[in-house]
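All chains are named by letter (A, B, ...) in the order of the sequence lines, taking the proteins before the strands, and each is independently numbered beginning at 1.
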Amino acid sequence: GENVEQHPSTLSVQEGDSAVIKCTYSDSASNYFPWYKQELGKRPQLIIDIRSNVGEKKDQRIAVTLNKTAKHFSLHITETQPEDSAVYFCAASSSGNQFYFGTGTSLTVIP
Amino acid sequence: GAGVSQTPSNKVTEKGKYVELRCDPISGHTALYWYRQSLGQGPEFLIYFQGTGAADDSGLPNDRFFAVRPEGSVSTLKIQRTERGDSAVYLCASNQGSNTGELFFGEGSRLTVL
């Protein structure tokens, strides 16, 4: 099956700085790459996603880039705010409708 | 309901006991997923249903784990002869059956095996 690796496992940034989280995947058939945010004790919630026919997608302060050749995709958060502090998970999915998750990045934004 | 509902939210049991965890997906969602999340880890895939049938159960760790979805809506994850290593948060998610569709997660069932 698919193997999704994510790094770093922890990330601390000053408020206002940018944060970048990177993921790699192994299955070239994967064609959908969502990112989920999970606050402490809460359910994971989708924050942005990208399909394999697109190289980049932006939504306000959040952007995701995809490099299909290298099989990696990244989450970029600009102008970070304390409420961005959470655990972020990347995932990869293929037509088999499986969703495989990375191990998560704990982001701390220091005020 | 408006979202994915899971019960119980917390379950403490003794080693060797039988446990059932319930998931009520969003109405109309044909796909239902069970994941297991240990502390500091990402959701680990267990099983995926499309309608009433298990489309992929390759993530179930062993034959002590079983899940059903008899009417294509509510699903029950069943764990026999629980072990301490089964302690985790069990997350259920649903979507409309497309691999490019958002997964909607429940709040999870925290299982503690003493």
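Of the listed residues (Pro44(A), Gly104(A), Ala91(A), Gly102(A)), the one with the most heavy-atom contacts under 4.5 Å to chain B is Pro44(A). The greatest number of non-hydrogen atom pairs below 4.5 Å with chain A, out of Ala31(B), Gly97(B), Gly59(B), is found for Gly97(B).
Note: the hydrophobic cluster containing Ile50(A) also contains Tyr88(A) (ILVMFWY, side chain heavy atoms under 4.5 Å, direct or indirect links). Using a 4.5 Å cut-off between side-chain heavy atoms of Ile, Leu, Val, Met, Phe, Trp and Tyr, with links allowed through other members, Phe33(A) and Leu75(A) fall into the same hydrophobic cluster. Under the 4.5 Å side-chain heavy-atom criterion for ILVMFWY residues, no single connected hydrophobic cluster contains both Val113(B) and Val89(B). Val13(A) and Val20(A) are assigned to two separate hydrophobic clusters, defined by single-linkage of ILVMFWY side chains at heavy-atom distances under 4.5 Å. Under a hydrophobic clustering in which Ile, Leu, Val, Met, Phe, Trp and Tyr are joined whenever their side-chain heavy atoms come within less than 4.5 Å, directly or via other members, Leu32(B) and Leu46(A) fall into different clusters.
The shortest non-hydrogen separation linking Tyr36(A) to Glu102(B) is OH-C, 3.9 Å. Across Gln98(A) and Tyr48(B), no two heavy atoms sit closer than the pair OE1-CD2, 3.8 Å. Shown here for Phe101(A) and Leu103(B), the closest heavy-atom pair between the two residues is CZ-CD1, 4.1 Å.
For Phe104(B), no part lies near chain A; criterion is any non-hydrogen pair under 4.5 Å. Using a 4.5 Å cut-off between heavy atoms, Gln37(B) touches chain A through its side chain atoms alone. For chain B, no part of Pro34(A) is nearby; none of its heavy atoms comes within less than 4.5 Å.
Counting non-hydrogen atoms of neighbouring residues, nucleotides and ligands closer than 6.0 angstrom, the CD atom of Gln96(B) reaches no more than 12 such neighbours. Applying the 6.0 Å contact sphere to CG of Leu39(B) captures no more than 12 heavy atoms from other residues, nucleotides or ligands.
Of the listed residues (Lys42(A), Gln45(A), Arg43(A), Gln38(A)), just one forms a side chain to side chain contact (heavy atoms under 4.5 Å, CB included) with Phe105(B), and that residue is Arg43(A).
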>> Please determine whether side-chain contact (heavy atoms from CB on, under 4.5 Å) holds for the pair Phe99(A) and Phe45(B), giving the CA-CA distance in whole Å, both sets of side-chain angles, and the decisive distance to 0.1 Å.
In response: CA-CA 8 Å; Phe99(A) 289 79; Phe45(B) 170 75; over 6 Å; no
